[in-house]
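Whatever order the structure lists them in is the order used to number ligands and atoms, beginning at 1. No experiment lies behind these values; they were computed from the predicted model shown.
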Amino acid sequence: MNVPVTGQPELGASSSIVILTGAGISAESGIDTFRDKGGIWSKIDYRDVATPEGFARNPRKVFDFYNKRRRRMADIKPNAAHRALARLEQELPGTFLLVTQNIDDLHEAAGSRHLVHMHGELNKTLCEACGQSSRWTGDMSIDSRCPTCSTVGRLRPDVVWFGEMPYHMGRVHAALSACDLFVSIGTSGSVYPAAGFVEEARFNGAHTVELNLEPSEGGGMFAEAHYGRATEVVPAFVDHLIEVAAQQW
Ligand code: NAD
């Protein structure tokens with residue numbers, strides 16, 4: 001199903017694009033989504049593993065949850081949708097910002113460079129003693145030592161949990177307020193503030209596009225939409241944008 005296009009982005013040398021991605025872009029790489037049938041939150045209560053209160057109650061359970069995800073991620077590769085976004089960044093002129101809600105590193109692995117992880121990163125740890133974030137690729141436990149201040153027992157996954165403030169919001173809001181094109185990919189549009197980005201971009205005059213398996217909760221707010229698997233709709237849309245840009249230069 002496609003939503004008729006109302007308006008087209010201007011893609012000149014000074015154009016600005018913001019892309020938002022969610023769990024759906026990594027689904028075909030083998031990473032479970034959150035709210036879909038059979039998704040992560042149907043198997044485990046998010047309050048136990050994705051809230052500060054859950055961590056305070058049972059840190060071992062939280063470490064175990066993220067350790068398993070981190071170990072699995074070592075074998076997972078980016079797919080055609082991640083690669084298409086890296087190509088878009090390389091080939092289009094102007095300003096580009098990729099904002100991902102995902103904590104995997106598949107965008108970096110595909111070659112994306114201008115990106116921010118608003119919900120943190122699985123391969124990072126945050127020390128509650130010194131406040132430093134550090135790369136961490138092995139298992140983490142209540143006995144782990146901070147690589148920066150050497151304190152033992154104060155590390156946590158550097159992941160933004162429910163009730164916490166997402167990262168990089170100043171940079172994201174600045175980009176949204178100046179963008180010509182906003183594209184939301186593989187996200188259910190149920191978690192704020194990301195769910196509100198489409199309204200913010202629209203308010204500032206951007207052309208808005210949704211690429212998802214099915215209409216998201218805020219699907220009606222987009223001026224254009226293409227529904228299908230990310231590995232199909234994202235490369236096709238990127239090809240289209242590169243063509244549009246070539247005609248407008
Ligand atoms: P989601 O599971 O809510 O939605 C996934 C979306 O992807 C759905 O709309 C679905 O239709 C779509 N989809 C599924 N397969 C697809 C495919 N092959 N191609 C295209 N689309 C596909 O995930 P979300 O929107 O990313 O959830 C919001 C955020 O809440 C998560 O990203 C996550 O960061 C989050 N959150 C998680 C934690 C944590 O892991 N501890 C903590 C805080 C917040």
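No side-chain N or O of Ser15 forms a donor-acceptor pair with one of Asp180 less than 3.5 Å apart. Between the side chains of Ser177 and Glu200, no donor-acceptor pair of N or O atoms lies under 3.5 Å. Thr208 and Glu224 share no donor-acceptor pair across their side chains, judged by distance under 3.5 Å alone. Inspection of the Glu28 and Thr231 side chains reveals an N or O donor paired with an N or O acceptor under 3.5 Å.
Ranked by closest heavy atom to atom 5 (C) of ligand 1, the top entry among Ala81, Gly186, Gly22 is Gly186. Checking Tyr46, Tyr66, Trp161 against atom 39 (C) of ligand 1, the nearest heavy atom belongs to Tyr66. The option from Phe162, Phe65, Tyr227 that lies nearest to atom 44 (C) of ligand 1, judged by heavy atoms, is Phe162. The closest non-hydrogen atom to atom 42 (C) of ligand 1, taken over Val160, Asp104, Val159, comes from Val160. Taking only non-hydrogen atoms, the option from Thr51, Leu213, Thr33 nearest to atom 21 (N) of ligand 1 is Leu213.
The shortest side-chain heavy-atom distance between Asp239 and Arg87 falls under the 4.5 Å cut-off. Inter-residue side-chain proximity for Met118 and Val160 is flagged as unmet; no heavy-atom pair is nearer than 4.5 Å.
Both the backbone and the side chain of Ala230 come within 4.0 Å of ligand 1, judged by heavy-atom distances.
Nearest protein heavy-atom neighbour of atom 33 (C) of ligand 1: Phe34 CE1, 3.4 Å. Ranking protein heavy atoms by distance to atom 17 (C) of ligand 1, first place goes to Gly24 O, 3.5 Å.
Between Trp41 and ligand 1, no pair of N/O atoms sits closer than 3.5 Å. Residue-to-ligand polar distances keep Arg229 apart from ligand 1: every N/O pair is separated by 3.5 Å or more.
In this structure, Arg47 forms no cation-pi arrangement with Trp161, as its terminal cationic atom is not both closer than 6.0 Å to the ring centre and no more than 45° off the ring axis.
Within the structure, ligand 1 lacks Glu164 among the residues with a heavy atom less than 4.0 angstrom away.
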